[in-house]
Amino acid sequence: MRFLHTADWHLGKLFGQRYQTEDQRYVLEELLLLAKEERVDAVVIAGDIFDRSVPPAEAVDLMSEVLSKLTEMKLPVLYIAGNHDSASRIDFGRTVLAKSRVYLAGHVRKGAAPVVLEDAYGPVYFSLLPFASPLEVREAFGVEKTLSYDEAMELVVLDARMHIPTGTRSVAIAHAFLAGGVTSDSERPLSVGGTDQVRPAHFTSFNYTALGHLHGPQRAGAETIRYSGSLLKYSFDEAGQKKGAILVDMDKDGSVTQKFMPLTPKHDVRIVRGTMEQLMSDGFDEKPHDDYIRVDLFDTDTILNAYEKLQGVYPNLFTLTRPNWKAKDADALALQSHDEQKKKSDVTLFSEFFTDNTEGEQLTDAQRQVLIECFDEMERERREQA
């Protein structure tokens, strides 16, 4: 069996104050062509279909277009909700879509049957494991005790394995943060507080695990446990990454080979570095100037209208940094302090607030755990009610 593993489309993404819908449509046309040329048997999308729980109409339309084209190609499509998606909205039309071989899972469900696809050698069992917080797993499985993300995933995987016959080929589709993974700035943490990492060992019983959440293509504990990475570059720390999809081949005994298939975006995301004199000179940067650009300006002196001048060279200049220029005025220092505060989690900020208002008292472990569960519950409600 041959299938494409992709994830983290983030349809409706706003990057640099610009919606990326047309860029996403452009690269998804490449993905459809790749599926056709490689004669795949299925397409797997491992979560974060949309960038937020209530996506803009054009993002929903684009997803509809892609699904229509895939079904016209007679290809099964399997996808799950990620932490950016609304589980309830992803679940919409689940039974009806299955009749067109579009299989999806928004909410985690105890006893959920795998999707079974056939090839020349027999069945392959696909377990759809959508993102779910420990609170959601507790509710779905009727568990009273507090669970960590790792314990919740263990419970979900064990339940999924119960529905796969021994000795048969299997694939897990999951949206999670596996321990040891390399993160990017554009990823939203799975948990507002506490650890959200899970052990790769949970997935070793599957012949292949198609992961979503981390935006950089990478292995996660084993060659057959992989993140495909995001559809496009969604932050400048991803500028050096390659984006694409993973072509997975599974033979009759379940052995798997995979190949990363790069996709070429309409606009690349790049960081250009140099002095103003260099950047303004002809021939300094031979790559397309209409890419999405961050300029690291190396001049140490103040330069009037630097952003406007550079926009004349790079029409899609998103941001300008001055790494060699030292902030001297109060406003610049205040902005630096604000940026440092923004990097702190809500739990850390609340803990500092608690300490400041209780004459130095620290939150106990039990209080911190209750706080984490409250924040995670608020995040779940935000996803579903936004």
Side-chain angles (χ1 to χ4, degrees), residues 1-12 21 24-25 27-51 53-109 111-119 123-132 160 163-164 169-175 206 208-212 228 230-231 245-248 250:
M1 179 168 289
R2 166 174 285 191
F3 61 90
L4 271 182
H5 164 201
T6 178
D8 295 278
W9 289 5
H10 290 276
L11 301 183
T21 306
Q24 291 164 336
R25 176 176 281 108
V27 79
L28 282 169
E29 288 294 336
E30 279 192 66
L31 185 74
L32 291 168
L33 181 60
L34 177 64
K36 182 177 180 179
E37 291 179 341
E38 295 295 337
R39 300 178 181 275
V40 302
D41 300 305
V43 174
V44 167
I45 315 167
D48 280 354
I49 309 299
F50 299 106
D51 190 58
S53 57
V54 184
E58 56 268 24
V60 178
D61 289 343
L62 179 54
M63 181 60 175
S64 179
E65 289 175 26
V66 173
L67 287 180
S68 294
K69 291 176 180 178
L70 287 169
T71 54
E72 288 171 6
M73 295 164 62
K74 308 298 183 184
L75 283 178
V77 184
L78 305 91
Y79 65 90
I80 60 173
N83 61 302
H84 280 250
D85 298 309
S86 162
S88 296
R89 292 181 177 92
I90 290 295
D91 261 338
F92 176 77
R94 185 164 56 99
T95 304
V96 174
L97 287 170
K99 296 177 181 178
S100 298
R101 296 207 299 171
V102 176
Y103 307 100
L104 56 99
H107 286 288
V108 65
R109 291 178 173 85
V115 175
V116 184
L117 302 181
E118 299 271 350
D119 65 8
V124 179
Y125 291 78
F126 289 79
S127 294
L128 277 59
L129 313 177
F131 169 76
H163 303 280
I164 300 174
R169 296 172 296 166
S170 61
V171 175
I173 307 170
H175 195 90
F206 293 94
Y208 183 80
T209 299
L211 293 170
S228 66
S230 57
L231 185 68
I246 299 177
L247 185 65
V248 181
M250 181 182 295

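Remember, it's a predicted structure, so these values are computed and weren't measured experimentally. Heavy atoms only: backbone and side chains are in, while hydrogens, waters and symmetry mates are out.
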Q: Go through Leu97 and Phe92 one step at a time and tell me if the side-chain contact (heavy atoms from CB on, under 4.5 Å) criterion holds.
A: CA-CA 9 Å; Leu97 287 170; Phe92 176 77; over 6 Å; no

**Q.** Verdict with supporting geometry, Glu29 and Leu32, side-chain contact (heavy atoms from CB on, under 4.5 Å)
**A.** CA-CA 5 Å; Glu29 288 294 336; Leu32 291 168; 4.2 Å; yes

**Q.** Asp48 and Asn83: CA distance, side-chain angles, deciding distance, side-chain contact (heavy atoms from CB on, under 4.5 Å) verdict
**A.** CA-CA 6 Å; Asp48 280 354; Asn83 61 302; 3.4 Å; yes

Q: Run the numbers on Leu67 and Met63 for side-chain contact (heavy atoms from CB on, under 4.5 Å), then give the verdict.
A: CA-CA 6 Å; Leu67 287 180; Met63 181 60 175; 4.0 Å; yes

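Taking 4.5 Å as the limit, some side-chain heavy atom of His175 sits within range of a side-chain heavy atom of Asp8. Counting heavy atoms from C-beta outward, Arg39 and Arg2 have side chains that stay 4.5 Å or more apart. Val171 is not listed as a side-chain neighbour of Leu78, based on a closest heavy-atom distance of 4.5 Å or more. A heavy-atom distance below 4.5 Å is not found between the side chains of Asp119 and Met250. You'll find the side chain of Val27 stays beyond 4.5 Å of the side chain of Leu31, heavy atoms only. At a threshold of 4.5 Å between non-hydrogen side-chain atoms, the residues Glu65 and Leu62 count as touching. Using a 4.5 Å heavy-atom cutoff, the side chains of Met1 and Leu117 are in contact. Inter-residue side-chain proximity for Asp91 and Arg109 is flagged as met; some heavy-atom pair is nearer than 4.5 Å.
The distance from atom CG of Leu11 to atom CG of Leu231, rounded to the nearest 0.5 Å, is 7.5 Å. Going from atom CG of Leu34 over to atom CG of Leu28 covers 11.5 Å, rounded to the nearest 0.5 Å. From Ser170, atom OG reaches atom NE2 of His163 across 13.5 Å, with rounding to the nearest 0.5 Å. Rounding to the nearest 0.5 Å gives a distance of 3.5 Å between CH2 of Trp9 and CD1 of Ile45. Note that the OH atom of Tyr208 and the CZ atom of Arg169 stand 16.0 Å from one another [nearest 0.5 Å].
A distance-only check finds a donor-acceptor pair linking the side chain of Ser68 to the backbone of Ser64 [under 3.5 Å]. The main-chain N or O of Lys74 is found under 3.5 Å from a side-chain atom of Arg101 such that the two form a donor-acceptor pair.
In plain terms, the two heavy atoms of Ile246 and Ser228 that are nearest each other are CD1-CA, 3.7 Å. His5 and Leu211 make their closest contact through NE2-O, 3.0 Å (heavy atoms, listed as atom of the first residue, atom of the second, distance). When all heavy atoms of Pro76 and Asp41 are compared, the closest pair comes out as CD-O, 3.0 Å. The shortest heavy-atom contact between Ala59 and Phe50 is O-CE2, 3.6 Å. Nearest heavy-atom pair across Pro123 and Val116 is CB-CG1, 3.6 Å. Nearest heavy-atom pair across Ala105 and Ile90 is O-CG2, 4.1 Å.
Among Ile173, Ile164, Val115, the one residue that satisfies the side chain to side chain contact (heavy atoms under 4.5 Å, CB included) test with Ser127 is Ile164.
For Phe3 and Phe126, the ring centers are positioned less than 6.0 Å apart.
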